[in-house]
Amino acid sequence: MMKKIIPLLALAATLSGCAALQNKAPDYRKMMVGNWMLDDISVEGQEGSFKVTLFNEAPLECFSGSAWTLTRPNSLGTYVLNEGVDCQAGLQREIRWTIYKTGTGEQQFQFKRLDAEGDPMDNNVGYRLDILSLDASGMQLRDEVTVNGQPLYLVYTFSRQ
């Protein structure tokens, strides 16, 4: 009897270990901490010219080349805009960020803009971006916006600084 129990226990331990590894999500929060450069913003879903204001802050062009800093444990960060037409060059915005888990288990980068007193702006509404990829040297996030009544996807490509 004991000879049958030991192999069954070993099999159960192996299977539970495999299941635990499959359900283990990457620690995106820890991986995102650091300094990032927003190298590129690509547009998917529509062609032509259109004007998009990102994060209720500035035109898309102002964010290309912007510097982002994400800190821990206080979940604060900043982004600094670049020069360009209709851009406030050097504008530094404080943010509070986290990782949001959707009902399907996917993870999103979530942040709120903060005012000079550290309070949330935009009626306490934040922004959520899908995490397409994230590793030690770079990340890609995707945002869905509506332009002319149609969905438009913006893919942000960051490199670690």
Side-chain angles (χ1 to χ4, degrees), residues 21 23-161:
L21 287 176
N23 293 331
K24 177 85 171 146
D27 189 353
Y28 285 147
R29 186 167 169 71
K30 185 182 283 185
M31 293 172 68
M32 281 189 170
V33 171
N35 297 315
W36 298 92
M37 178 68 65
L38 179 49
D39 298 316
D40 183 57
I41 305 171
S42 58
V43 178
E44 300 174 352
Q46 289 189 39
E47 292 186 19
S49 63
F50 40 82
K51 191 165 183 130
V52 177
T53 298
L54 298 184
F55 314 125
N56 206 24
E57 186 82 72
L60 180 143
E61 298 79 21
C62 299
F63 279 89
S64 186
S66 60
W68 292 63
T69 300
L70 304 174
T71 62
R72 214 179 144 184
N74 60 10
S75 302
L76 294 176
T78 60
Y79 58 76
V80 180
L81 299 184
N82 269 340
E83 293 183 28
V85 178
D86 299 325
C87 300
Q88 286 184 288
L91 171 76
Q92 179 172 313
R93 176 69 60 206
E94 302 288 326
I95 62 171
R96 180 167 309 279
W97 70 280
T98 191
I99 299 298
Y100 175 79
K101 287 190 179 183
T102 67
T104 61
E106 294 179 77
Q107 298 182 65
Q108 296 175 313
F109 173 69
Q110 172 179 277
F111 74 95
K112 292 182 180 181
R113 298 182 326 135
L114 304 176
D115 64 18
E117 288 78 39
D119 296 322
M121 300 173 67
D122 308 312
N123 295 320
N124 207 22
V125 173
Y127 304 91
R128 288 187 186 150
L129 291 82
D130 296 326
I131 301 170
L132 299 180
S133 66
L134 175 60
D135 61 29
S137 62
M139 72 175 158
Q140 277 196 323
L141 306 175
R142 182 177 60 199
D143 190 13
E144 180 179 345
V145 297
T146 302
V147 175
N148 301 326
Q150 299 295 317
L152 176 76
Y153 299 94
L154 303 173
V155 177
Y156 305 93
T157 302
F158 291 83
S159 61
R160 189 176 295 276
Q161 300 300 295

Ignoring hydrogens and angles, state whether a donor on the side chain of Gln92 or Glu94 is under 3.5 Å from an acceptor on the partner side chain. yes
Is it true that atom CD of Glu47 has more than 12 heavy atoms of other residues, nucleotides or ligands lying nearer than 6.0 Å? no
Atom of [X], atom of [Y] and distance for their closest heavy-atom approach:
X      : Y      : result
Ile131 : Gln108 : CD1-C, 3.9 Å
Leu76  : Thr71  : O-OG1, 2.7 Å
Arg96  : Asn74  : NH1-O, 3.0 Å
Pro151 : Glu144 : CB-OE2, 3.5 Å
Ala58  : Cys62  : CB-CB, 3.9 Å
Met31  : Leu134 : CE-O, 3.3 Å

Test item: Leu141 and Met32 side chains (from C-beta on) under 4.5 Å apart, heavy atoms: yes
Under 6.0 Å between the ring centres of Trp68 and Tyr156? no
Under 6.0 Å between the ring centres of Phe109 and Tyr28? no
Residues that Glu117 engages under side chain to side chain contact (heavy atoms under 4.5 Å, CB included), provided they are two or more places apart: Asp115, Asp119
Tell me, with the steps shown, if Phe158 and Met37 meet side-chain contact (heavy atoms from CB on, under 4.5 Å). CA-CA 5 Å; Phe158 291 83; Met37 178 68 65; over 6 Å; no
